[in-house]
Amino acid sequence: MNDDPYLALLRAALSRAYAPYSNFSVGAVVRAQSGALYSGANVENAAYPEGLCAEASAIAAMVMAGERRLIEVAVMATGKALCSPCGGCRQKIAEFALPEALIRLYSPDALRAVFSLAELLPHSFTAEHLN
Ligand code: THU
C-alpha cells in the first residue's frame, strides 16, 4: 500500500478542507479515464446548505480540466468512521461514471474499504432515463 498514489493526495486535500461549522474535514480524489487525478475538499458556508462536499469539488476540477469520465473516487475523512459519499455525491459520481467505477474509502493512514458505484447507488437515475 506504500505505492498507493491516493494517500498523499488525499491527505493534502484533507488539509485544505474548509469545515469551520462541522469540524468534519473531507478530502476526495477522482481518477479520470485519462489516468489524471483531481483533488477536492469540502468547502462549507455560514449559510449551511450552500456548503460543497469534497467529492463534488473534485468532480468539478475534473470537468474544468476537460474530462467527462471518471473511473475511481477516493475519499478520506478525519473521524473514526469512514466517510462514504453522501447520497447527493453518489448521484454526482454517477453522472460521470459507469456502475463498475470504484469508490475507495480511506482513514488518514490507510485504505479501509472499496465498493463499486453499483453497490452504493443501485438502480440509479441517469441521463438514459431522459431519452
Ligand atoms: N461531506 C463531504 O464532503 N462528503 C461526503 O460524502 C459527506 C459529507 C462534508 C459535508 C460537510 O462539509 C461535512 O462533511 C459534514 O457533513
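Residue numbers start at 1 and run along the sequence shown. Keep in mind that this is a model prediction, so the values were computed, not measured. Just so you know, ligand 1 is whichever comes first in the structure, and atom 1 is the first atom listed for that ligand.
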Can you tell me how far CD of Glu100 sits from CG of Leu117, rounded to the nearest 0.5 angstrom? 9.0 Å
Looking at atom 11 (C) of ligand 1, what's its closest protein heavy atom, distance included? Glu44 OE2, 3.3 Å
Atom 3 (O) of ligand 1: the protein heavy-atom neighbour that sits closest, reported with distance to 0.1 Å: Ala54 N, 2.8 Å
Close approach of Gly51 to ligand 1, heavy atoms, under 4.0 angstrom: no
Determine whether any protein heavy atom is located less than 4.0 Å from atom 16 (O) of ligand 1. no
Look at atom 8 (C) of ligand 1 and say which protein heavy atom is nearest, naming residue and atom and giving the distance to 0.1 Å. Cys53 SG, 4.0 Å
In this structure, atom 9 (C) of ligand 1 is nearest to the protein heavy atom Asn42 ND2, 3.6 Å
Quick one: does Pro85 get within less than 4.0 Å of ligand 1, heavy atoms only? yes
Can you name the atoms of ligand 1, numbered from 1 with element, that are less than 4.0 Å from a heavy atom of Ser84? 6 (O)
Just to be sure I read this right, does ligand 1 sit under 4.0 Å from the backbone of Ser22, its side chain, both, or neither, counting only heavy atoms? side chain
Regarding Asn45 and Tyr18, is there a side-chain donor-to-acceptor distance under 3.5 Å anywhere? no
Is the closest side-chain donor-acceptor distance between Ser84 and Arg90 under 3.5 Å? yes
Would you say ligand 1 has an N or O under 3.5 Å from any N or O of Val26? no
Heavy-atom count check: over 12 atoms from other residues, nucleotides or ligands less than 6.0 Å from Phe125 CZ? yes
Is the closest heavy atom of Ala41 to ligand 1 under 4.0 Å? no
Does one side chain, of Gln91 or Ser124, offer a donor that lies under 3.5 Å from an acceptor on the other? no
For atom 7 (C) of ligand 1, what is the closest protein heavy atom, and at what distance to 0.1 Å? Cys83 SG, 3.8 Å
Of all heavy-atom pairs between Leu105 and Cys83, which one has the smallest distance, and what is that distance? CD2-O, 3.4 Å
the protein heavy atom lying closest to atom 6 (O) of ligand 1 turns out to be Glu55 OE2, 2.7 Å
Quick one: does Glu50's side chain have a donor or acceptor within less than 3.5 Å of a partner on Glu44's backbone? no
Got the closest protein heavy atom to atom 14 (O) of ligand 1, with its distance? Phe24 CD2, 3.4 Å
Side chains of Arg31 and Tyr6 only: does a donor on one sit below 3.5 Å from an acceptor on the other? yes
Shared ILVMFWY cluster between Leu52 and Val29, side chains joined below 4.5 angstrom? no
